[in-house]
Amino acid sequence: MLHSRIESRLREAVLAVVPDADPSAVQVRPASDAKLGDYQSSVVMGLAKPRGLNPRALAADVVARLDVGEWCEAVEVAGPGFLNFRLSASAIESALAGAVAAPVPFVEPARPRRTVVIDFSSPNVAKPMHIGHVRSTVLGDALARTLRLLGHEVVTDNHIGDWGTQFGMLLLGWKTRLDPAALARDPIAELERIYKAVNAACDADPAVRGAAKAELVRLQGGDADNLGIWREMIRLSQSQFDAIYGRLGVTFDHTLGESFYNPWLAQVVADMAARGIARDSEGAMAVFSRGDVAPKDDPFKIQRDGAWHDMPLLVQKSDGGFNYATTDLATLDYRIRTWSPTDILYVTDGRQQGHFRQVFAAFQAWKPEAAAATRLHHVWFGSILGEDGKPFKTRSGDTVRLGEVLDEAEERAWAVVREKRPDLPEAVQREIARVVGVGAVKYQDLLPNRQSDYVFSWDKMLALQGNTSPYLQYQYTRAAKVVRDGGWTPAAGAGIRVGTPEERALARHLLNFGLVLAAVAEEARPNYLCNYLYELAGWSSRFYEACPVLRSEEPLRSSRLALCHLTARVLKAGLECLGIGVSEQM
RNA sequence: GCGCCCGUAGCUCAGCUGGAUAGAGCAUCCGCCUUCUAAGCGGAUGGCCGGAGGUUCGAGUCCUCCCGGGCGCGCCA
């Protein structure tokens, strides 16, 4: 891409003038204002300051050594020492022509190819998938898709909650309170009902709690009846998950739930104990601070009443049972042994930050060589709040089911399609509504910075105007339609000319697609891509307003058709990275 | 108490790890469809970036303190 070529030439020039400069600090970015150029760099100002040099003079020295003449007009030194690059029309035009032939336009395969394991979605067995699962599922899927498009190897793993103390209550409920007719009608609702009923009974009556605990012990001991019921609950839940994932278009390479790691848990704790990483604490096994960092940065320390206290990570309960920390450590070990990843991404709620800090640190202590080879990232996101600013629930206090959100989204989209396109048959309208409705839900979740809490609003989530997926899908449809009507194919169109300001603005924005994808991958923030695509849609819309395509004379007509073609492809590829589909007509 | 996060237009939020004049959507107001899809485009209104200091060529972004809010803090996940 032009950007990376310019950046590496600038790096050479800077190092020629300032040999001890940090090469990674030499960065070229899209210009903040089109009037200033297409790309800009502020690197020389940062270099001049500590060296006591005049920034503008240093900039002039760098420019004298800089050879970007094949792509740019004369480089300008502006303001306190900015370097402004303006692409030549011929460079833009040949980049566009190259993109027509490329498998993915404006994207080149990422340089060091990484192997990235992504842990996301992770719903719980016997519970409905609810609105809270949207963020992890949609974010994780978007990151997987983006990393794959960039050429990285991705392993997606759905770490479902299929083990744990809740199964004691579920088993007891299954045996004593199950309504078979209700189970047949809506399995998850019935499982949820018996769980809540037993949970309430446990609070009221210690004997019930004891009975639930006994069921759990029998399950853990390998009791055939309980294992059979447990497997049935997983099967019922998995078919619910599959239905939702099918609607969302989300797939996983693996679904290795918590129970998969049971055979290793005892060994994990024993090995950690043998290596002196974990030790007995009040009857439990725990990982303590090694005292190698300041207390405030130590995940195993906490301050209380003015003094720092130990805050260990428990890897085995005093009753001998294991907990999620144990499972997470076994999982981490398994993933590294199995896939040798360069990175592992955990896409979860921000409230688990402390937990993951402890798990990562404990693993680092336990297996330093494995930890050194793999970067661990907690890709966390904020909470979904109700309009009152409190955690989002329905009026009756229940969580909002994901399936119902998708139903409502598709229904609302269908109403719009009926109004806009009464000429289409209902089956076609329904299909458009499906793509638009599901896309709207996903986009609304991907658009905000993932770390913000966000306020749930049906109207906002399902809005079809403004910076929303329907708008992006609509702009794709327009561009694709023009290309179809023009009878243009990539084989036919060679020459692209960018003459008008609108053509040039659209073209220069297209060039930065790969740059944005790299930023999304680097920071695990798909919202960068959302904003890029929204801007692209705006530029393309302004282009249509100003530049007739089909009514232009050749060779302008073919040139503009090629621009439409590239716009459509980038919109489609970008939306695909977000897990959002397009329709050829809307 | 300690830690993490947040506070930007009336509302909901961006702001690319310190760059040039702080941007969108919604809402309000004014224009644009006999011309390739108006789910659109153009324009207007709207800001002490919670407050006070500091760091430097340059701060919404970094540091300190204060105010206000959310979350977390041993055997749940």
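First the proteins, then the strands, lettered A, B, ... as listed; each starts at 1.
Residue A:Val482 has its side chain nearest to B:rC36 when only B:rG1, B:rA39, B:rC36 are considered. Comparing B:rC13, B:rC2, B:rG19 by their nearest atom to the side chain of A:Trp308 picks out B:rC2. Among B:rU37, B:rC75, B:rG1, the nucleotide with an atom closest to any side-chain atom of A:Arg421 is B:rU37. Listed nucleotides: B:rA39, B:rU37, B:rA20. Nearest to the side chain of A:Thr477: B:rU37. Side-chain atoms of A:Lys317 lie closest to B:rC75 of the nucleotides B:rC16, B:rC36, B:rC75. Considering only side-chain atoms of A:Pro80, the nucleotide from B:rA39, B:rG72, B:rC57 that sits closest is B:rC57. Checking B:rA14, B:rA39, B:rC57 against every side-chain atom of A:Lys420, the shortest atom distance belongs to B:rA39. The A:Tyr474 side chain lies nearest to B:rA39 when the options are B:rA20, B:rA39, B:rA77. Ranking B:rG3, B:rC75, B:rA20 by closeness to the A:Lys296 side chain, first place goes to B:rG3. With B:rU37, B:rG74, B:rA77 as the choices, the nucleotide that has an atom nearest any side-chain atom of A:Gln352 turns out to be B:rA77.
Taking side-chain N and O atoms only, A:Lys35 has no distance below 4.0 Å to OP1 or OP2 of B:rA20. A:Lys481 has no side-chain polar atom (N or O) that falls below the 4.0 Å cut-off from OP1 or OP2 of B:rC36. Side-chain N/O atoms of A:Tyr324 include none lying less than 4.0 angstrom from OP1 or OP2 on B:rA77. Not one side-chain nitrogen or oxygen of A:Asn467 sits closer than 4.0 Å to the OP1 or OP2 atom of B:rC13. OP1 or OP2 of B:rG19 has at least one side-chain nitrogen or oxygen of A:Arg29 nearer than 4.0 Å. Taking only side-chain nitrogens and oxygens, A:Asn449 never comes nearer than 4.0 Å to OP1 or OP2 of B:rC16. OP1 and OP2 of B:rC36 both lie 4.0 Å or more from every side-chain N or O belonging to A:Arg560.
Nucleic acid contact for A:Gln40: base, since at least one base atom lies under 4.0 Å from a heavy atom of the residue. Across all strands shown, A:Asn527 has heavy atoms under 4.0 Å from sugar-phosphate atoms exclusively, and none from any base. A:Glu522 comes within contact range of no nucleotide atom at all, as no heavy-atom separation falls under 4.0 Å. Heavy atoms of A:Asp423 sit nowhere under 4.0 angstrom from any nucleic acid atom. No contact: A:Val516 has no heavy atom under 4.0 Å from any strand. Residue A:Ala325 is out of contact with every strand shown, counting any heavy-atom pair closer than 4.0 Å. As judged by a 4.0 angstrom heavy-atom cut-off over every strand, A:Ser122 is placed among residues making no nucleic acid contact. Within 4.0 Å (heavy atoms only), A:Gln585 reaches at least one base atom of the nucleic acid. Across all strands, A:Met45 comes closer than 4.0 Å to base atoms (heavy-atom distances). Across all strands shown, A:Glu282 has heavy atoms under 4.0 Å from base atoms, whether or not it also approaches the sugar-phosphate. Heavy atoms of A:Ala519 sit nowhere under 4.0 angstrom from any nucleic acid atom. Among the protein residues, A:Leu36 comes within range of the nucleic acid bases, having at least one heavy atom under 4.0 Å from a base atom.
In this entry the distance linking CG of A:Asp298 with P of B:rC73 reads 17 Å, nearest Å. For the pair A:Arg450 CZ and B:rC6 P, the computed distance is 11 Å after rounding to whole Å. Here the P atom of nucleotide B:rC76 and the CZ atom of A:Phe322 are 14 Å apart, to the nearest Å. The separation between A:Asp445 atom CG and B:rA14 atom P is 12 Å, rounded to whole Å. As rounded to whole Å, 16 Å separates atom C1' of B:rC57 from atom CZ of A:Arg51. Following rounding to the nearest Å, A:Leu447 (CG) and B:rC26 (C1') show an atom-to-atom distance of 13 Å. Atom OH of A:Tyr528 is separated from atom C1' of B:rC13 by 15 Å (rounded to the nearest Å). Rounded to whole Å, atom P of B:rA77 lies 12 Å from atom CG of A:Asp162.
B:rG60 and B:rG50 have their C1' atoms separated by 12 Å, with the value rounded to a whole Å. Remark: the separation of the P atoms in B:rC36 and B:rG51 is 50 Å, to the nearest Å. For the P atoms, the distance from B:rG68 to B:rC29 is 39 Å, rounded to whole Å. Atom name P, nucleotides B:rC48 and B:rU8: the rounded distance is 12 Å, in whole Å. The same atom, P, is picked in B:rC63 and in B:rC5; the two are 10 Å apart, to the nearest Å. For the C1' atoms, the distance from B:rC65 to B:rU55 is 15 Å, rounded to whole Å. Comparing the same atom, C1', in B:rA27 and in B:rA20 gives a spacing of 32 Å after rounding to whole Å. Annotation: B:rC6 and B:rC26 have their P atoms spaced 27 Å apart (nearest Å).
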Would A:Tyr532 and A:Asn527 satisfy side chain to side chain donor-acceptor pair (under 3.5 Å), going step by step from the backbone distance to the final call? CA-CA 9 Å; A:Tyr532 170 85; A:Asn527 62 308; over 6 Å; no
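A ring-centre distance under 6.0 Å is found for A:Tyr471 and A:Tyr534.
Shown are A:His159, A:His378, A:His355; of these, the side-chain hydrogen bond (donor to acceptor under 3.5 Å, both in side chains) with A:Thr348 is made only by A:His378.
Expressed to the nearest 0.5 Å, how far OG of A:Ser281 lies from CD of A:Gln316 amounts to 12.5 Å. How far OG of A:Ser469 is from CG of A:Leu446: 9.5 Å, rounded to the nearest 0.5 Å.
Closest heavy-atom contact between A:Ser583 and A:Gln585: OG-O, 2.7 Å.
For A:Asn84 against B:rA20, a side-chain N or O and a base N or O form a donor-acceptor pair under 3.5 Å. No donor-acceptor contact under 3.5 Å links the side chain of A:Lys301 to the base of B:rG3.
RNA chain B forms stems at B:1-7 with B:67-73, B:10-13 with B:23-26, B:28-32 with B:40-44, B:50-54 with B:62-66, each a run of 3 or more consecutive Watson-Crick or G-U wobble pairs whose two key distances fall under 3.5 Å.
By the 6.0 Å and 45° rule, A:Arg418 stacks over the aromatic ring of A:Trp414.
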Using nucleotides 33-35 of chain B, report all nitrogen or oxygen pairs with the protein that are shorter than 3.5 Å.
| from | atom 1 | to | atom 2 | distance (Å) |
| --- | --- | --- | --- | --- |
| B:rU35 | O2' | A:Arg551 | NE | 3.1 |
| B:rU35 | O2 | A:Arg551 | NH2 | 3.3 |

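Residues A:Arg434 and A:Glu431 are paired through a salt bridge, judged by an N-O separation under 4.0 Å between the basic side chain and the carboxylate.
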Summarise how protein sits on nucleotides 41-47 of chain B as a single string, 5' to 3': B when a protein heavy atom is under 4.0 Å from the base, S for sugar-phosphate-only contact, - for no contact. SS-----
